[in-house]
Amino acid sequence: MAPKTSIQLIRKSVFSYQLLLGAMLAVTNALPAAAQDLDPSQEVSVAIGNEPPYTELKPDGTLSGAGPDIDRAALEQSGFKKFSGVTMAYGAMIPALQANRVKMVSSGGLNIRPERCDQVIFSEPVMCTAQAFLVRHDLAGKVTSYKQVADLGIKLGVPAGGTQGKDALARGIKMDNLVNFPDNTSAVKMLQDGRIDAIALNGDGILDMKKRSGDDSLEAVVPIADTPIDCAAAAFNKSDTKLRDAYNQGLKKLVASGEFATIMTKYGLQSNVDLLSKAKTTAEMCSR
């Protein structure tokens with residue numbers, strides 16, 4: 001049997017070790033997650049909402065859409081070659097990132113919001129949208145904001161149940177001057193016939209209306225001056241700062257080379273090119 005003093009010394013040493021181990025674990029848990037290393041040989045799994053033309057997963061598993069095309073081209077600049085798509089609901093994307101079930105959310109997925117910036121990190125803006133007008137030539141240059149529509153007291157066509165009608169009312173346009181249209185073709189006909197004086201919709205929708213109409217007398221106004229530019233961006237786990245930085249570097253090169261504009265035009269989203277140049281930075285969009 002060991003002497004009593006030896007047993008006491010052993011117990012004291014064990015207790016001290018336990019204290020030291022506990023302190024080390026506490027310090028480790030208090031430290032932020034270390035930035036993950038950049039490994040271009042890894043497959044990049046991309047969460048998408050499967051919403052063409054922004055994101056799409058083809059039956060053979062191929063990633064398509066403006067967002068994935070930009071994502072792939074941006075990261076290929078850093079040597080990444082393998083990409084896979086994972087379709088999920090938008091509400092599941094941030095939890096999937098946080099649990100490392102996917103490496104990123106496509107730039108065609110989540111809009112930049114301050115509350116989301118608390119949970120993930122975003123690239124610089126990629127997919128920007130804004131509200132727009134389609135007007136006849138006689139109103140060209142006279143209608144660039146909802147306030148001007150209100151001041152002129154003209155008729156504005158809006159999609160039934162859309163945000164445009166709500167924003168128009170909030171900015172002083174009278175309910176009597178709002179006309180709901182059932183579809184884009186009907187809206188253009190109403191404008192050409194003089195039953196309405198302008199159409200309000202998202203920028204891409206307005207440009208598509210003008211293109212399909214074949215009417216050169218119609219003018220698109222993008223964006224409406226008193227509405228915000230809303231942007232989506234690629235999202236990453238908070239620890240994946242190196243991957244996010246590589247994406248931003250690639251995105252910058254795409255914009256400078258004109259490849260960004262080419263991809264946007266391919267999907268009929270050419271208004272994104274001009275809107276991106278007018279958009280706030282991600283840091284500004286993340287601020288409260």
Side-chain angles (χ1 to χ4, degrees), residues 49 51-54 66 90 108 110-115 125 127-232 264-265 267-280 284-285 288:
E51 183 186 1
Y54 301 102
Y90 290 108
L110 299 175
N111 284 342
I112 303 169
R113 294 282 186 272
E115 62 275 13
M127 296 283 174
C128 297
T129 58
Q131 295 185 47
F133 288 142
L134 190 64
V135 299
R136 292 189 306 274
H137 68 279
D138 56 301
L139 285 173
K142 299 177 183 177
V143 180
T144 60
S145 69
Y146 280 123
K147 185 179 185 304
Q148 288 177 328
V149 173
D151 291 343
L152 291 170
I154 59 179
K155 297 285 186 182
L156 179 67
V158 294
T163 59
Q164 288 79 15
K166 296 175 185 176
D167 287 347
L169 289 172
R171 287 163 176 78
I173 298 176
K174 295 179 180 179
M175 178 69 78
D176 291 345
N177 284 333
L178 291 183
V179 180
N180 290 328
F181 58 80
D183 56 70
N184 292 2
T185 302
S186 299
V188 172
K189 187 68 167 60
M190 292 164 68
L191 181 63
Q192 292 170 325
D193 291 347
R195 285 179 284 162
I196 57 177
D197 301 295
I199 300 169
L201 197 63
N202 64 74
D204 295 316
I206 287 294
L207 291 176
D208 184 66
M209 277 186 183
K210 177 175 169 55
K211 180 180 178 181
R212 290 176 183 274
S213 74
D215 189 343
D216 292 334
S217 71
L218 301 181
E219 180 173 304
V221 180
V222 187
I224 296 174
D226 49 2
T227 60
I229 295 175
D230 209 12
C231 295
M264 291 295 106
T265 302
Y267 290 98
L269 301 173
Q270 54 268 35
S271 66
N272 274 269
V273 180
D274 185 50
L275 288 174
L276 187 65
S277 67
K278 300 175 182 176
K280 295 179 180 179
E284 290 171 323
M285 292 184 185
R288 296 180 184 275

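Scope of the values below: all heavy atoms of this structure, side chains included, with no hydrogens, waters or symmetry mates. Only a predicted model underlies this, so the values are computations on that prediction, with no experimental measurement involved.
Atom-to-atom distance recorded for Gln164:CD and Thr227:OG1 is 9.0 Å, nearest 0.5 angstrom. Of the inter-residue distances, the one linking Arg212 atom CZ with Thr185 atom OG1 reads 7.5 Å to the nearest 0.5 angstrom. To the nearest 0.5 Å, the span separating NZ on Lys166 from CG on Leu169 amounts to 10.5 Å. Atom NZ of Lys211 and atom CG of Leu218 lie 15.5 Å apart (nearest 0.5 Å). Rounding to the nearest 0.5 angstrom, the gap separating the CG atom in Asp183 from the CE atom in Met209 is 8.5 Å. Rounding to the nearest 0.5 angstrom, the gap separating the CG atom in Leu207 from the CD atom in Gln270 is 5.5 Å.
Using modelled atom types and a 3.5 Å distance limit, the side chains of Asp230 and Thr129 yield no donor-acceptor pair.
Looking at every heavy atom in both residues, Gly157 comes nearest to Ile196 through CA-CD1, 4.0 Å. Between Phe133 and Ile206 the shortest heavy-atom distance is O-CG2, 3.4 Å. Scanning all heavy atoms of the two residues, the minimum distance from Val188 to Ser213 falls at CG1-CB, 3.8 Å. Nearest heavy-atom pair across Gly203 and Ser271 is C-OG, 4.2 Å. Smallest separation of non-hydrogen atoms from Cys128 and Leu276: SG-CD1, 3.9 Å. For the pair Ala232 and Asn111, the tightest heavy-atom approach, listed with the atom from each and the gap, is CB-OD1, 3.4 Å.
At least one donor-acceptor pair closer than 3.5 Å links the side chain of Lys155 to the backbone N or O of Asp176. The main-chain N or O of Tyr146 is found under 3.5 Å from a side-chain atom of Asp226 such that the two form a donor-acceptor pair.
At a threshold of 4.5 Å between non-hydrogen side-chain atoms, the residues Met285 and Lys280 count as touching.
Take Asp216 and apply the salt bridge (Lys or Arg N to Asp or Glu O under 4.0 Å) test, not counting sequence neighbours, and it matches no residue. Annotation: side-chain hydrogen bond (donor to acceptor under 3.5 Å, both in side chains) contacts of Asp167 (sequence neighbours excluded): Gln131.
Judged as a salt bridge (charged side-chain N to carboxylate O under 4.0 Å, His left out), the pairs with a partner in residues 186-203 (not counting sequence neighbours) are, in order, Arg136-Asp197, Lys189-Asp193, Asp193-Arg195.
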For this session: List the steps, then state whether side-chain contact (heavy atoms from CB on, under 4.5 Å) holds for Asn184 with Leu201.
Result: CA-CA 9 Å; Asn184 292 2; Leu201 197 63; 3.9 Å; yes

For this session: Carefully, step by step, assess Asp274 and Val222 under the rule side-chain contact (heavy atoms from CB on, under 4.5 Å).
Result: CA-CA 9 Å; Asp274 185 50; Val222 187; 6.0 Å; no

Exercise. Can you check side-chain contact (heavy atoms from CB on, under 4.5 Å) on Glu219 and Lys210, steps first, answer last?
Worked result: CA-CA 8 Å; Glu219 180 173 304; Lys210 177 175 169 55; 5.9 Å; no

Problem set entry | Test log, rule side-chain contact (heavy atoms from CB on, under 4.5 Å), inputs Val158 and Asn180 | CA-CA 5 Å; Val158 294; Asn180 290 328; 3.4 Å; yes

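For the side-chain contact (heavy atoms from CB on, under 4.5 Å) with Pro125, the qualifying choice from Ile112, Ile229, Asn272 is Ile112, the only one to do so.
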